[in-house]
Every structure is written in C-alpha cells, then in structure tokens.
*Asks:* 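Can you read through this structure? Questions will come right after.
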Amino acid sequence: MGAKDPMDTEVRYVDVDGEVVTTSLRQLDLHQASTALPVRRPRSHARQRHYSGRFWSATTRGHVPYESRLELDRLWLADFDPGVRWIASQPMWFVGFDEGVARRHAPDLLLTDE
C-alpha cells in the first residue's frame with residue numbers, strides 16, 4: 001500500500017479472536033486495536049545486549065512484555081498515569097512504501113485513554 005497521506009498507511013493487527021485485521025490508520029478502531037494480541041514477541045537469549053521481560057501492570061491487571069529498559073521505564077510511568085486506561089505491547093504493524101521500498105514497523109507500546 002503506497003500511502004501518500006500518512007493516515008492511509010496500512011495497519012495490521014490480530015484481534016482477541018485471533019483474526020488478522022487489515023485497515024488504514026484513518027479507519028483504525030483504537031479500542032479494538034488496543035486489546036489486540038501482540039504481533040510479535042520479545043526474544044531473549046544468553047549474552048543479549050538488551051534487557052527484556054514482562055512487567056506486571058496494575059492498569060491491565062496482567063503482564064505486558066517489553067524489550068528494553070527504556071520500554072520498562074515507560075511502562076512504569078504509564079502504569080502510574082491516571083489518564084492511561086490500557087497498555088498494549090507490540091499491538092500492530094504499520095505497513096507502507098518509502099521511495100518504492102516496502103517498510104513495516106511494530107510500535108513498542110500503545111497507550112490509550114479510553
């Protein structure tokens with residue numbers, strides 16, 4: 001999907017029923033996307049340079065995976081922020097083209113206030 005308008009960027013996520021949903025950023029149902037399953041899982045192995053794990057969140061009342069200490073710090077801040085109603089980790093893929101090259105990116109976290 002070659003989006004000239006950033007709001008037309010393709011978004012893919014897996015809903016709670018395990019179904020793959022493909023839409024645009026403009027038409028994204030934020031509530032449904034925030035409860036989606038992670039599109040990828042943080043990996044860990046011996047001698048890795050980053051620090052990954054699972055953060056127990058009072059906001060979600062469950063574990064939220066993270067890949068780095070920076071993400072862990074952000075999770076701590078989000079969990080104490082009364083304006084944050086939900087935290088999702090690796091919730092979706094953004095897919096698009098940049099100068100003819102296909103690119104995709106999974107944001108680390110999605111924080112919602114709904």
Side-chain angles (χ1 to χ4, degrees):
M1 176 178 213
K4 297 198 188 274
D5 181 352
M7 294 302 289
D8 293 329
T9 299
E10 184 176 289
V11 178
R12 295 181 193 157
Y13 61 92
V14 180
D15 68 15
V16 293
D17 298 323
E19 298 293 322
V20 176
V21 177
T22 302
T23 186
S24 69
L25 192 56
R26 181 182 319 279
Q27 297 174 332
L28 180 65
D29 179 343
L30 192 57
H31 175 70
Q32 188 177 8
S34 68
T35 59
L37 303 174
V39 293
R40 66 183 188 88
R41 303 260 185 220
R43 299 180 185 193
S44 62
H45 56 84
R47 298 184 187 154
Q48 69 186 18
R49 292 184 172 200
H50 55 87
Y51 182 80
S52 60
R54 295 184 309 155
F55 173 79
W56 192 90
S57 167
T59 302
T60 65
R61 301 207 190 305
H63 287 100
V64 179
Y66 62 88
E67 291 183 301
S68 69
R69 290 184 188 261
L70 182 62
E71 285 180 35
L72 177 59
D73 289 347
R74 184 61 186 107
L75 284 168
W76 276 109
L77 291 171
D79 210 35
F80 278 90
D81 185 340
V84 174
R85 299 287 183 237
W86 195 255
I87 303 169
S89 175
Q90 309 287 333
M92 65 193 74
W93 285 109
F94 294 128
V95 181
F97 287 88
D98 179 28
E99 297 180 6
V101 178
R103 310 265 185 203
R104 71 179 188 167
H105 174 72
D108 298 325
L109 299 169
L110 173 63
L111 309 176
T112 59
D113 59 1
E114 295 180 354

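All residue numbers refer to positions in the sequence shown, counting from 1.
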*Asks:* Please check if the number of heavy atoms outside Trp56 that lie under 6.0 Å from its CH2 is greater than 12.
*Replies:* yes

*Asks:* Whether the side chain of Asp79 engages the backbone of Ser57 through a donor-acceptor N/O pair (distance < 3.5 Å, no angle test) should be reported.
*Replies:* no

*Asks:* With distance as the sole criterion, is a donor-acceptor pair present between the side chains of Asp8 and Ser24 under 3.5 Å?
*Replies:* no

*Asks:* Would you compute the distance between atom CG of Leu110 and atom OG1 of Thr35 and round it to the nearest 0.5 angstrom?
*Replies:* 10.0 Å

*Asks:* With side chain to side chain contact (heavy atoms under 4.5 Å, CB included) as the criterion, how do Thr112 and His31 come out once you've worked through the C-alpha distance, each side chain's angles and the decisive distance to 0.1 Å?
*Replies:* CA-CA 8 Å; Thr112 59; His31 175 70; over 6 Å; no

*Asks:* How long is the span from the CG atom in Asp113 to the CG atom in Leu30, to the nearest 0.5 Å?
*Replies:* 8.0 Å

*Asks:* Is it true that a side-chain atom of Asp17 and a backbone atom of Glu19 form a donor plus acceptor pair closer than 3.5 Å?
*Replies:* no

*Asks:* List the residues meeting side chain to side chain contact (heavy atoms under 4.5 Å, CB included) with Asp108, not counting sequence neighbours, and say none if there are none.
*Replies:* Glu67, Glu71, Gln90

*Asks:* Arg103: what forms a salt bridge (Lys or Arg N to Asp or Glu O under 4.0 Å) with it, not counting sequence neighbours?
*Replies:* Asp98

*Asks:* What closest approach, in Å, do Tyr66 and Ser68 show between heavy atoms, and which atom pair accounts for it?
*Replies:* CD1-O, 3.4 Å

*Asks:* With ILVMFWY side chains joined below 4.5 Å, transitively, what does Val20's cluster contain besides itself?
*Replies:* Val14, Leu37

*Asks:* List in chain and number order the residues that pass side chain to side chain contact (heavy atoms under 4.5 Å, CB included) with Ala102, two or more places apart in sequence or in another chain; answer none if no residue qualifies.
*Replies:* Phe97

*Asks:* For Arg54, does the CZ atom sit with more than 12 other heavy atoms under 6.0 Å from it, leaving out its own atoms?
*Replies:* no

*Asks:* Among all residues two or more places apart in sequence or in another chain, which pass the side chain to side chain contact (heavy atoms under 4.5 Å, CB included) test with Arg104?
*Replies:* Trp93, Val95

*Asks:* When you measure from the side chain of Ser89 to the backbone N and O of Pro65, does any donor-acceptor pair fall under 3.5 Å?
*Replies:* yes

*Asks:* Residues two or more places apart in sequence or in another chain: which of them pass side chain to side chain contact (heavy atoms under 4.5 Å, CB included) with Ala36?
*Replies:* Tyr13

*Asks:* Between atom CZ of Arg74 and atom CG of Leu109, what is the distance when rounded to the nearest 0.5 Å?
*Replies:* 7.5 Å

